[in-house]
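In each ligand, atom 1 is the first atom listed, and ligand 1 is the first ligand listed. Excluded from the calculations below are hydrogen atoms, water molecules and symmetry mates; all remaining heavy atoms, backbone and side chain alike, are included.
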Amino acid sequence: MELHWVWMSVATLLASYVLVNKFVRRLNGWYYDLKVGNKKTLLPPGDMGWPLIGNIIPFIKDLSSGQLDSFINKLVSKYGRSGIYKTHLFGKPSMIVCTPEMCRRVLSDDENFKVAYPKSISELFGSKAFTEVSSAEHKRIRRVISAPILGHNMLALYLARIEEIVVDSLEELSSMKHPVEVFTELEKIPFKVITHVFLGSHNQPIVAKIKGLFREFSDCNPLFSIGVNLPGFTYHRALQVRKKLFELVISIVGERRLMTKNGQLEDKKDLIDILLEHERENGDKLKDEDIADVFIGLIFAGHESTATGLMWSLMYLTQHPEVFKKAKKEQEEIVKARPSSQKHLSHSEVKQMVYLSQVINEALRLTNIAFSVFREATTDVNINGYIIPKGWKVLVWSRAIHMNPEYYPNPKEFNPSRWDDYNAKAGTFLPFGAGSRLCPGKDISNLQTSVFLHYFLLNYRLERMNPEYRVPNFSYSYPKDLAKFIKISA
Ligand code: HEM
């Protein structure tokens with residue numbers, strides 16, 4: 001009898017929760033319908049979630065558990081394949097767009113959409129010099145940054161240094177007696193590369209200090225913070241670390257400015273020197289704060305993203321022996337065809353790594369850290385018959401395209417051969433974004449991964465401590481995978 005009452009109470013509670021949940025969500029939906037007035041009939045399907053918090057809880061839950069696809073899949077199964085869904089995330093009414101046409105449309109329309117990352121993300125990771133300036137100034141800064149890192153000819157200049165960083169890192173990793181945390185170790189490579197592009201090889205102790213602060217920052221796991229800037233909250237701690245980092249970089253910029261003034265610099269200019277010389281639209285020079293902001297923005301944008309790509313490429317290779325074999329053979333052939341006098345990788349050899357580039361593309365398709373980019377409509381925009389009201393955020397969810405079987409049959413499968421003679425339809429492969437904000441670091445990132453995999457495939461193997469562990473197709477909480485790097489040849 002008592003058990004019967006327990007079941008009755010549980011069932012009543014559950015039923016009440018379902019009803020209240022449904023009612024509150026509907027109420028919130030009506031609120032936004034009311035706000036957009038007679039345009040409400042043009043809003044796409046979707047669900048605005050709970051008042052104020054919207055759908056952030058299921059979003060964070062799916063993101064942190066590595067099941068982000070289920071967030072979109074639920075929308076598709078509930079509302080059909082409209083390719084655009086209304087929702088409420090990061091405290092704002094938002095649209096998710098996930099067809100190649102719509103994503104491209106948003107990314108290429110700078111007149112009606114502006115970059116708008118959630119405040120908590122832009123304050124921690126963003127660079128004001130990239131987002132809070134006129135579009136003309138953005139173009140100019142972008143040109144300055146891109147000049148040394150975009151395009152194969154420019155990158156040829158960095159190849160030797162990247163090779164040195166990779167060879168030393170692998171040597172060091174293989175000399176370690178104990179298993180290492182794969183991601184933490186690999187992350188050091190792009191960090192060294194970006195600081196080299198920015199600062200040259202000066203200031204090694206300071207570079208180590210910057211790295212320490214970045215580690216401290218990452219340990220806060222700020223992406224999952226709820227953006228409360230009060231003592232005791234993760235976001236607050238991450239902001240404090242960012243402040244320390246900013247002060248440290250300001251001191252480096254100040255020091256370099258002084259050296260330039262005193263003529264103590266060599267002829268070769270690093271990015272920091274180029275930025276010190278850069279003039280704004282109005283003829284003013286950039287302040288030290290602006291340059292520090294660009295540097296921090298570059299490191300945030302470029303080191304964890306590249307490290308993620310490196311790690312997944314390596315993991316997938318070790319999980320797919322047939323792919324490993326084919327990729328290794330390609331590298332062996334490249335080295336075999338090399339004149340005996342040549343001791344180092346050449347840029348034309350990197351260009352011959354066709355299969356390896358397919359491995360990298362496939363890893364980026366499956367695991368890209370930038371699963372979505374953020375915009376905001378600056379006016380009411382009509383897109384495929386639906387309206388995106390002015391002020392609403394737009395999440396350009398490229399991952400949904402990368403995982404769509406229409407463009408990538410059997411999308412969860414790691415299959416570099418799918419890229420053989422593959423002409424990606426426009427907008428179906430967007431790991432680096434598109435339009436005026438297309439990632440300027442894409443070439444240097446791919447170059448680092450290629451050089452790393454070249455040396456790894458030729459001379460090393462990875463002995464994972466837990467080989468049963470399957471790398472999830474997507475995760476923001478990096479698997480703490482322990483492994484040994486074993487050197488197999490000199
Ligand atoms: C696998 C590695 C990388 C991935 C997946 C990636 C992805 C992206 C994406 C999707 C965007 C577009 C953001 C938007 O439209 O709002 C972007 C922008 C950017 N990336 Fe990367 N990135 C990578 C590596 C790098 C590297 C190595 C650097 C620097 C050396 C870098 C610097 C930047 C900068 C400065 C922007 C802003 C560009 C602008 O606003 O004009 N990224 N990246």
Report all N/O contacts between ligand 1 and the protein shorter than 3.5 Å as a table of atom names and distances to 0.1 Å; if there are none, say 'none'.
| unit_1 | atom_1 | unit_2 | atom_2 | d |
| --- | --- | --- | --- | --- |
| ligand 1 | 15 (O) | Arg375 | NH1 | 3.4 |
| ligand 1 | 15 (O) | Arg375 | NH2 | 2.7 |
| ligand 1 | 16 (O) | Tyr117 | OH | 2.7 |
| ligand 1 | 16 (O) | Arg375 | NH1 | 2.9 |
| ligand 1 | 40 (O) | Arg437 | NH1 | 3.0 |
| ligand 1 | 41 (O) | His138 | NE2 | 2.7 |
| ligand 1 | 41 (O) | Arg142 | NH1 | 2.8 |

> Between Phe429 and Tyr407, is the ring centre distance below 6.0 Å?
Replying inline: no
> Regarding Lys393 and the six-membered ring of Phe90, is the cationic atom NZ or CZ under 6.0 Å from the ring centre and inside 45° of its axis?
Replying inline: no
> What residue among Lys192, His196, Gln448 forms side chain to side chain contact (heavy atoms under 4.5 Å, CB included) with Ile162?
Replying inline: Gln448
> Can you name the closest pair of heavy atoms from Thr428 and Tyr422 and give their distance?
Replying inline: OG1-OH, 4.4 Å
>> Under 6.0 Å between ring centres: does that hold for Tyr85 and Trp397?
In response: no
> What pair of heavy atoms forms the shortest contact from Lys412 to Met403, and how long is it?
Replying inline: CG-CE, 3.9 Å
